[in-house]
Structure formats: structure tokens, C-alpha cells
Protein chains: 2
Amino acid sequence: MTETAVGNTVVESAAAQSKSQQAYAAVKARIVEGAYTPGYRLVLAKIAEDLGFSVVPVREAIRRLEAEGLVKFERNVGATVAGIDPTEYLYTMQTLSIVEGAATALSAPLIDSVSIARARAVNEEMRECLEHFDPVRFTALNQDFHSVLFEHCPNPHILDLVHRGWNRLASLRSSTFRFVPGRAQESVREHEALLQLIEGAADADTIEKTARQHRAATLDAYLAQAKQ
Amino acid sequence: MTETAVGNTVVESAAAQSKSQQAYAAVKARIVEGAYTPGYRLVLAKIAEDLGFSVVPVREAIRRLEAEGLVKFERNVGATVAGIDPTEYLYTMQTLSIVEGAATALSAPLIDSVSIARARAVNEEMRECLEHFDPVRFTALNQDFHSVLFEHCPNPHILDLVHRGWNRLASLRSSTFRFVPGRAQESVREHEALLQLIEGAADADTIEKTARQHRAATLDAYLAQAKQ
DNA sequence: AAGTACGAAATCGTATACGATAACTATGGA
DNA sequence: TCCATAGTTATCGTATACGATTTCGTACTT
């Protein structure tokens, strides 16, 4: 399953694929890009008509998306874009903190100075986004930043888990889980700290813990805000 | 998606499900239990006939299994039970070490003395298996042991990742990745050490690292053997 | 004897059709 | 006016049918 990063969303290459795969990619893209928001009702016949396909491949695609947690499918009722309640959000973020931490630690020894420079440039752009208050682009760049670090990740399984988490979170872009400005500035600082650890060839444990904490802090910021 | 542990395999409850779900469970069970070994050719029409279903739900089931990595599907060629080469094995074990470590650490504070006692009993049985040389039962009990520890895991996403890894490994029961006797004895000792850490309310970091190393050591034992 | 090309069989990929189930609406009674 | 019930509609669930692609076997040529 080859995957390529296009912008901030992770989609599969779409050349010479079966219709079920095309449908999968199409619906997934709409969810991740925010065209279909949580709660949106995915009527098989309607999607099939839109794409020019029959219902069978569409159905198959929806089922795959269900397996990834992007879609909720009820028997004889239908499919809707999966919402994500605070509990699900917590599960997803917690899992992401673990797999991102591991991915970062595994990738760190393989990152060359060119990649470091690219990551630093992305982070600099993120800093600028904060000044213009552009949360959407900030989020996209945040994924780009980490994508650069994960470019040479030696374990594709772990990388896949990271992407799944990202897609899951992406579906709520315009949802209730808001961008916390204070946290964003901290995030940029943490990125720089992480880069310095990698440059300095810090031990894997330290890098893993730092990367994990980076994600965990965002979760904590949300929880603190939710409490109020 | 409710899951129940039956013996050493993790299957979904099969009451009042759609045929595609039944087919999914049936084929998955056959793979996990070893009835279908890696390389086995899964002909849609044949499976459909065996189960008394039509091909469409079977096809859907196979696709889900493909998404979980248990089945390999080639366009216009067919589906086969996914083999697992040494590289895949490494990826799977590495990922498992990470998610099992996390699951253990998250569960540890919630494990009561009753569960500890049960886990210890299972471990004792494992020790006996070593004397009678019963690798199959040993493997099953090993999953039981960890299942007890994960009973109160607060994050179902992570638990799901653990189960996926187990299923992936289960499909190779009778394959080339062999049981390493020396490693098994060590494993029993590590289980006891882990239980003592949990009883002693050791800090999460220590527990996580110990649990992770427990899995990693099995991988190392395999790699050392493979090198020869 | 070996290689190539052609044809037949097997299998997947998708569309269409029909049955089953649940949600919705309207109507009648309290 | 509100609630219960029956009928209608929408949507999913599955089966069957047919077209597309690949693979395998056979015959022919060199």
C-alpha cells in the first residue's frame, strides 16, 4: 500500500486502481479535507451516483473507512462521518503520543542535516503563521514538520499508525476541538528543542520522551480548557 | 466493535451480524487458528460456497482482513493468506513492543490483587508447559497472561493495536518463526519480574520499559538465531 | 527440444435487481 | 392536544449475472 503525502493529507496513489479503491480515496479525501464534516450522512446510492460508480465498490470503500475509524456504519441505517467525542479524542491523542514518540526516536539516528534544515524552515513558517493567526495552515505545517522527521522512519507499520491518527484528527478540523493559541507558541519552541536533541544525537530515550510529551502537552491543554 | 477473548484468539461477537461480518469472523478465525496457513489461496467463490453466502459479503470480509494485514489481495489474481517475511516480522514485533509497553504501563495502576494472582497462576502454568515441552499451549497462555494485565486498559485503541499484532503473529504459528526454548524460560522469569513491579507500584516509566524489553528480547532472540 | 503464440478456463470486478429492515409520516383514538 | 399505530418511503443487505483480466495449458514453429 503505497502512500504519498500531498499537502497535509495522506492519500494513496490513485493510478490504475480498482473502483473500490478510487471510491475509498475519494471519500477519505473529502472527510480529511473537511468537505464531509462529522455527522454528515453518507448515502451509498448518492455517493455512487456522484462518482459514477455502482454501490458495491462504494460500500466496500465505506467499510474500509469504518475500519479506520473515519466512518460509523449502522446496519440498515447507514453510514455517517464519524464524530469524535472527547473520550475518543483522548484515546486518539494518547495513542498518537505513543506512536509519534516511537517514530521520532526510531527516525532520529537516520535524519541528515538537510532534513533538519528543512524541518527548521517549516517550523519558522509555523512561527509566522502564529503572527498572522492562520490556524489552518499552522496545522498543515505541523504535519509537514513531523513528516520530514519521519521521512526515513525504519518501521512503516508505526508510520501507518501515525497517519491514521492524523487522518482521524483531521476530520474534526472545523469541529469543537479548538486551536489553543498559547499552546501553539509552545509547540513551535518544542519543535526547535526536538531538533536540537536530534542534531546533538541525544539518546533514543530522551528523544522519545520529548516527542511523546510534545503531543501529550497538546492533549493536556485541551483537557485544561475543557474543564473550564 | 465489541471484542471478546476466546481461548487465545481474539474474535468479535457473532450474534445478529450481517453476513459480511460473519464471513469476516469466520475467515479471520481460520487464519488465526492456523486452518488457513500463509500462502493459502482464498478463492472468493469457494469460500462463499463453503459459508453458504454469496461472493459480495465474502469479498468485503477479505478486504477488511487485507486492511489488517492478514490477507494479501492482488487485482484480478486473488487473495492469499499473508505470509510474513523476516522484515515484516521485525516490523510487527517492534510495533508490538511499543504498544504492549504502553498498554502495560497504562493498565498497571488499575490492576487489582485478584488479577495479579490470576496472572501469576497463568505464568505458573507456563512454567509447567516448559517442562512438558508444549509450545502451542505456552503461546496461548502467554497471550492469556498479558490479556489479564490488559483487562482494565484505559485506552481501547491501544488494546486494539495489541490484538492486531497478536493476530498477525498467530497466523504463523506453524511457520518458520520458531519457538526458542531458552528464550521461553527467560520469558517466564520476566513475567514474574513484571508482576512484582506492578505490585510494588513502580513508576510508569520503569514498567513500560520492562514490558517493552520483554517483547524486544523475543525479537532479539529470533534475530540472533536467524543470523546463524 | 525449446521457445513462442494462441486459446480456454478460472477468477476477479462491477452492475443491476430484489428482499429486508428501519425510519418517517399520517391518521385515528383517548 | 397528545400518543399510539399502521402504512409508506428510504436505505441498506445480498444474490445473481455478465464483462474484464489473468493464468495456465497446448499446439505450433524454429
Side-chain angles (χ1 to χ4, degrees), chain A residues 1-2 12-31 36-83, chain B residues 1-2 12-31 36-83:
Chain A
M1 195 183 294
T2 60
E12 291 168 24
S13 64
Q17 285 182 326
S18 68
K19 295 203 176 181
S20 72
Q21 284 171 303
Q22 288 178 41
Y24 168 77
V27 176
K28 181 174 180 176
R30 280 165 177 71
I31 294 174
Y36 294 163
T37 52
Y40 184 91
R41 188 126 189 232
L42 299 165
V43 179
L44 297 187
K46 193 165 171 295
I47 293 173
E49 196 183 7
D50 288 352
L51 296 175
F53 300 161
S54 176
V55 287
V56 176
V58 173
R59 182 186 159 80
E60 204 171 273
I62 298 287
R63 280 244 120 103
R64 269 182 76 184
L65 292 167
E66 185 197 16
E68 289 181 25
L70 290 175
V71 164
K72 191 181 162 200
F73 208 144
E74 278 178 288
R75 186 190 166 102
N76 289 321
V77 175
T80 52
V81 176
Chain B
M1 197 184 292
T2 59
E12 291 170 23
S13 63
Q17 285 183 327
S18 68
K19 295 203 175 180
S20 73
Q21 284 172 304
Q22 288 178 42
Y24 168 77
V27 177
K28 182 174 178 176
R30 279 165 177 72
I31 295 174
Y36 294 162
T37 52
Y40 183 92
R41 187 121 190 237
L42 299 165
V43 179
L44 297 187
K46 193 164 170 296
I47 294 173
E49 197 183 6
D50 287 352
L51 296 174
F53 300 162
S54 176
V55 288
V56 176
V58 172
R59 182 185 159 82
E60 206 170 271
I62 298 286
R63 279 244 119 103
R64 268 182 76 184
L65 291 167
E66 185 196 18
E68 290 180 24
L70 289 175
V71 164
K72 191 180 161 202
F73 208 143
E74 277 178 287
R75 186 190 166 103
N76 289 322
V77 175
T80 52
V81 175

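Convention: sequence-line order gives letters A, B, ...; per-chain numbering from 1.
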> When you check the phosphate oxygens OP1 and OP2 of C/dA15, does a side-chain N or O of A/Lys19 lie under 4.0 Å from one of them?
Replying inline: yes
>> Measuring to OP1 and OP2 of D/dT14, would you say a side-chain N or O of A/Arg59 lies under 4.0 angstrom away?
In response: yes
Tell me: [atom1] of [X] to [atom2] of [N], nearest whole Å?
X: A/Gln21; N: C/dC12; atom1: CD; atom2: P; result: 15 Å
X: A/Phe73; N: C/dT21; atom1: CZ; atom2: C1'; result: 13 Å
X: B/Lys72; N: C/dT11; atom1: NZ; atom2: P; result: 18 Å
X: B/Leu42; N: C/dA10; atom1: CG; atom2: P; result: 19 Å
X: B/Glu49; N: C/dA10; atom1: CD; atom2: P; result: 14 Å
X: A/Glu74; N: C/dA20; atom1: CD; atom2: P; result: 22 Å
X: A/Lys46; N: D/dC12; atom1: NZ; atom2: C1'; result: 17 Å
X: B/Arg75; N: C/dA10; atom1: CZ; atom2: C1'; result: 17 Å

> To the nearest 0.5 Å, how far apart are CD1 in B/Ile62 and CD in A/Glu60?
Replying inline: 10.5 Å
Taking C-beta and beyond as the side chain, do [X] and [Y] meet within less than 4.5 Å on heavy atoms?
X: B/Tyr24; Y: B/Glu68; answer: yes
X: B/Arg30; Y: B/Tyr40; answer: no
X: B/Ile31; Y: B/Val71; answer: yes
X: B/Val81; Y: B/Thr37; answer: no

Residue [X], side-chain heavy atoms: nucleotide from [options] that is nearest:
X: B/Asn76; options: D/dT23, C/dA15, D/dT21; value: D/dT21
X: A/Ser54; options: D/dA15, C/dG13, C/dT16; value: C/dT16
X: B/Ser18; options: D/dT11, D/dG13, D/dA15; value: D/dG13
X: B/Val77; options: D/dT23, C/dA15, D/dG13; value: D/dT23
X: B/Val43; options: C/dT11, C/dT14, D/dG13; value: C/dT11

>> On DNA chain D, compare the nucleotides closest to B/Val55 and B/Arg41; which residue's is nearer the 5' end?
In response: B/Val55
